[in-house]
Amino acid sequence: MNASSSTPDNETEDLQSAFRYDAALADQIEGEWQRRWSEEGTYEAPNPSGPLASQEVDARPKLFVMDMFPYPSGSGLHVGHPLGYIGTDVFARYKRMTGHNVLHTMGYDAFGLPAEEHARQTGEHPRANTENNIANMQRQLDRLGLGHDKRRSIATTDVSYYRWTQWIFLQIFQSWYDVEIDRARPISELEDLLAAGDRSTSDGRPWIEMDPTEKRRELDHWRLAYLGDAPVNWCPALGTVLANEEVTAEARSERGNHPVFRRPMKQWMMRITAYADRLLDDLERLDWTDSIKTMQRNWIGRSEGSQISFATSAGSKIEVFTTRPDTLFGTTAMVLAPEHPLVETLVAETWPENTPQRWTGGAATPREAVENYRREASELTDLERQENQSKTGVHIGAYCSVPVNGLQIPIFVADYVLMGYGTGAVMSVPGQDQRDWDFAKVFEIEIIRTVEPPSAFDGEAYVGDGPAINSDFLDGLYINDAKQAMIDWLEREGHGARTVTYKLRDWLFSRQRYWGEPFPIVYDDTGLALAVPEDQLPVELPELIDWAPRALDEASDPEPPLGRATEWATATYNLGDGDLRYRRELNTMPQWAGSCWYYLRYLDPDNEEQLIDPLVESYWMTDSEGGVGGVDLYVGGVEHAVLHLLYARFWHKVLYDLGHVSGPEPFQRLYNQGYIQAAAYQDKRGVYVDAEDVVESDGNYFYQESPVTRTFGKMGKSLKNSVTPDEMYSAYGADTLRLYEMFMGPLDQDRPWETKSVIGSHRLLQRVWRNLIDESTGAATVIDSPPSDALQRMLHRTIAAVAEAMESLRFNSAIARITELNNELSRRAEPVSRELAETLILMLGPLVPHIAEELWKRIGNTNSIVHTRFPEADPKFLLDELAELPVQINGKLRSRIVVATGSHEEALQEAALSDERIAELLRGKEIRKVIVIPDKLVNIVAS
RNA sequence: GUCGGAGUGGCGGAAUUGGCAGACGCGCUAGACUAAGGAUCUAGUGCCCGUUAAGGGUGUGGGGGUUCAAGUCCCCCCUCCGACACCA
């Protein structure tokens, strides 16, 4: 790092330029202004009521700008981390200056595995570790000069915060989804409906015949948060169960890449599937990128089709789900997932006569074949199953009949059919489905095409549209009509019905961890869950000594660490029958829980009486322009495209149904910032070397004289390519770092970090400073006379461009325009008009607040620029009287003419044709046509 | 494989509705200041031809098309990045 004045040798020059804008001066200015902002509460945004309200009602329009809050990592920040935070800060500052009441703050998503992993290694309690990390990270962020309302900051680990996380859990626990009115309702209302017979119970028994325990079990059946007995993803290395979303396709944990095993276990589940359609439909009302919307749509995975029953000789019917009921006449086999429950009852004792050898898997009986196949399938990892795309399976010796034509078709088990989707059973139609085609080829199953392929078609299964063939009453119909006709027939004949299925599963909500929110749930002797009363919240985490997960092997079973807090594990509550002892729920909530609602707590951070004051909620969360409402701008990485954003939307919708929030969506506009990448260098052995010490020569890279190869990747320890904000502060100051990060490119794009380029942003600030300040005295050099007409025009064009760029988050363009203006001032090398100087400073304000405040003060102002109006372009300066227009011949630029703006076509044509060069070039040519676009160009077509 | 997104100088990137491609910055070249410059300032800088110059040609991943005019619109192809992945 070479700050110009930091070497002792140029002290002489330093004395001459004691007020040159360098790292030392920047550091001093930044410290002073950060102190003043903090003392004056400059960034505090008033609420309409409650403790954070200001004296008078704030008439400004509100704007809620938010970053995805970080996990407070122990390793500290590198320059890639704050990119989004700087972006939102610039936008928030710009909006403050255009008269908005801007809420911008920051919190910490502080529960989670890393603190426990760290604790396991060091013995430091997760809370102590977490608090240290938060303090450290806060210090690093403060140094950037982010304009946050500190009063509103929270950490999900604060007891006063997770008390309300627990409260929300109870709301969900005590609700059910009424499909008739399509929203969640309190469970007490269901009780009334069941008692009145307006809803039938899950097994059809009358409510009044149930004993109290049966009634509780019945209600539990309906709850939005319920105990499910599904197979879970048990990760022994992490000592916890994981959600499907936290497990990779290779059956490993997303965090740490440890093996994950399937285990059946009683787990808390959230009925997010009840909201599948609303989560899908409301996407259309959101200002999010199409790619994120598409990812959510794919994740929800809604598909319409029909359920069809196939009768078997054994009596049980096989239900399949298909999106192509129109192809039913082409069904030539039935394929079940290996885990399908009906396999047991359907499997035949002996092979039927004439069973082809290849169907038997070489086994003596169908049962043996199925058992062998199941064993082989279970020994494959998901990855192997995926790589092995050739179809395998065995016949189970039984047949079922195709309802529409009575055809007897063989039943198979095969692992290409997944138990987790649809009904775990597939009607195999090789003519119209490539997977079925592949399967049919292996087992020599008959192929009947039911859609006529185009004559040129030479593929295998044909999935395109076309007229139905070989399909009796469907013949000639195209796919859509054929589907309708078939579904009508199935419904009329009682063989099936129109249905919808989803890929989305219910959300597995418990973790066998210490460092998470305890459930506000206890159990009595029935083993059924009971809510801890709201007025008994929070259920605080016990201070465990032995909190670390046990080292566990593959054969182990899930075991929550809270079970070791023996005193805490039971509790006395009065739940209506007097004080009784209850067993506590020992699982904790997943990290997603705390991030599902933090935006609401920012709004009313000190409320102990209710989740949020409705007045405050509707003030910040309602869109005055009639949009769906919610956070006005939410900025974060694309990695949360499905999980966090789907969970938070789900919780918000539940709160909306129950009347706790005023709108259906939490985040109106979502913006995904890109990532900062950095060059990383590997030597011959492939070992990463310190990027800082690599030198370039003629496009090749060397580390200690030896050639190294360059790649780009995420900044971090493993690639040895981190650059810390602290290094940038000491070389240039925080404003330069902010400016550089914003100048590198559009906010939503990944961009490579280049330390050598940072100097460019520093130079801009130095030149601005020099244009307004005498570097030897520190006094302002501005003069009071107005700027020249030409400068005035340039200034207002700049204002218009900068405002537009700020509005659309194109900060790189805004900076370019400001640079152009400042370059012009440098070129003129004359004292700058105060009017122009003020405008320039205000435009810089959102980007580089410290130096802007300092310049503002030095040219004679006493107020802060934070709430000063952003300059507005005066239209009268935007139009020049004269304009230089290009003149083209046959589309090629040949000359330019200077004409009055607003000149009519004839005048322009004449000016163009009488231009010397043009006349010269046109000599001897025939003018065929002249295109004149006023104020744009003239194009002469000649030959 | 399917679905998204993107390809513009040596590099990061600009370019409203189709209307002067390469703004702005880095780097590079030359010069100024200097004991010195990895500081600062000034000028130049897409590529090719043209001794300088005037000028000309060419140019936004490739190929075709629409148009007076295409980085921008249409068709086909290639490459890279991201997500999902036997979803019936």
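This one's a predicted model, so the numbers in the text were calculated from it and none came from an experiment. To find a chain, count down the sequence lines: A is the first, B the second, and so on, and within it residues start at 1.
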Spell out, as yes or no, whether a donor-acceptor pair under 3.5 Å connects the side chain of A/Tyr740 to the backbone of A/Thr755. no
Could you check which nucleotide pairs with [N] in any of the strands shown, counting Watson-Crick or G-U wobble with both distances under 3.5 Å?
N: B/rA43; value: B/rU29
N: B/rC3; value: B/rG82
N: B/rA36; value: none
N: B/rG9; value: none
N: B/rG22; value: none
N: B/rA53; value: none
N: B/rG71; value: none
N: B/rA14; value: none

Minimum-distance nucleotide to [X] side chain [options: [options]]:
X: A/Phe743; options: B/rC68, B/rG12, B/rC41; value: B/rG12
X: A/Tyr421; options: B/rA23, B/rA88, B/rG13; value: B/rA88
X: A/Thr819; options: B/rC24, B/rA88, B/rC86; value: B/rC24
X: A/Ile759; options: B/rC86, B/rA88, B/rC26; value: B/rC26
X: A/Arg20; options: B/rA15, B/rC20, B/rA39; value: B/rA39
X: A/Ser303; options: B/rC26, B/rG12, B/rA88; value: B/rA88
X: A/Gln766; options: B/rG4, B/rU40, B/rA23; value: B/rU40
X: A/Ile931; options: B/rG13, B/rA39, B/rG19; value: B/rG19
X: A/Arg894; options: B/rA43, B/rG56, B/rA14; value: B/rG56
X: A/Asn823; options: B/rG25, B/rG55, B/rG27; value: B/rG25

Using a cut-off of strictly less than 4.0 Å, decide whether [X] has a side-chain nitrogen or oxygen near OP1 or OP2 of [N].
X: A/Arg297; N: B/rU2; value: no
X: A/Arg770; N: B/rC41; value: yes
X: A/Arg763; N: B/rG27; value: yes
X: A/Arg810; N: B/rA15; value: yes
X: A/Asn812; N: B/rA14; value: yes
X: A/Lys756; N: B/rC26; value: no
X: A/Gln749; N: B/rG13; value: yes

Let me know the distance between [atom1] of [X] and [atom2] of [N], rounded to the nearest Å.
X: A/Glu916; N: B/rA54; atom1: CD; atom2: C1'; answer: 14 Å
X: A/Arg505; N: B/rC84; atom1: CZ; atom2: P; answer: 17 Å
X: A/Lys892; N: B/rG59; atom1: NZ; atom2: C1'; answer: 11 Å
X: A/Ile818; N: B/rA14; atom1: CD1; atom2: P; answer: 16 Å
X: A/Arg767; N: B/rG25; atom1: CZ; atom2: C1'; answer: 10 Å
X: A/Phe439; N: B/rC86; atom1: CZ; atom2: P; answer: 17 Å
X: A/Gln888; N: B/rA70; atom1: CD; atom2: C1'; answer: 12 Å
X: A/Glu920; N: B/rA54; atom1: CD; atom2: C1'; answer: 13 Å

At less than 3.5 Å, do the side-chain atoms of A/Lys391 and the base atoms of B/rC86 form a donor-acceptor pair? yes
Regarding B/rC20, can its base be found pairing with the side chain of A/Arg896 as donor and acceptor, where the two atoms are less than 3.5 Å apart? yes
Suppose you measure atom [atom1] in [N] against the same atom in [M]; what distance do you get, rounded to whole Å?
N: B/rA14; M: B/rU8; atom1: P; answer: 11 Å
N: B/rU51; M: B/rC73; atom1: C1'; answer: 45 Å
N: B/rG59; M: B/rG10; atom1: P; answer: 16 Å
N: B/rG7; M: B/rU60; atom1: P; answer: 14 Å
N: B/rC76; M: B/rA21; atom1: C1'; answer: 26 Å
N: B/rU67; M: B/rC74; atom1: C1'; answer: 12 Å
N: B/rG18; M: B/rC75; atom1: P; answer: 16 Å

Regarding [X] and [Y], do their side chains bring together a donor and an acceptor under 3.5 Å, going by distance alone?
X: A/Asp506; Y: A/Thr273; answer: yes
X: A/Thr450; Y: A/Asp326; answer: no
X: A/Tyr502; Y: A/Asp277; answer: yes

Over all heavy atoms of both residues, which pair between A/Ser761 and A/Leu739 is shortest? Give the atoms and the distance, please. O-CD2, 3.5 Å
Using a 4.0 Å heavy-atom cut-off, does A/Arg302 contact any base of the nucleic acid, only the sugar-phosphate backbone, or nothing at all? nothing
Counting any heavy atom closer than 4.0 Å, what does A/Asp750 reach on the DNA or RNA strands: base, sugar-phosphate only, or nothing? sugar-phosphate
State whether A/Glu319 and A/Lys317 are salt-bridged, where the test is any N-O pair (Lys NZ or Arg NE/NH1/NH2 against Asp/Glu carboxylate O) under 4.0 Å. no
Do the charged groups of A/Glu920 and A/Arg917 touch, with an N to O distance under 4.0 Å? no
Kindly label the base of B/rG4 as syn or anti, based on whether its glycosidic torsion lies within 90° of 0. anti
When the nearest nucleotide of RNA chain B is assigned to A/Met427 and to A/Asn298 on a heavy-atom basis, which residue is associated with the more 5' position? A/Asn298
Where each residue is assigned the nucleotide of RNA chain B containing its nearest heavy atom, which of A/Val426 and A/Pro746 is assigned the position nearer the 5′ end? A/Pro746
Could you tell me the separation between the CG atom of A/Asn771 and the CG atom of A/Asn822, rounded to the nearest 0.5 Å? 4.5 Å
Once the angle between the rings of A/His640 and A/His644 is folded into 0 to 90°, is it parallel (under 30°), tilted (30 to 60°) or perpendicular (over 60°)? perpendicular
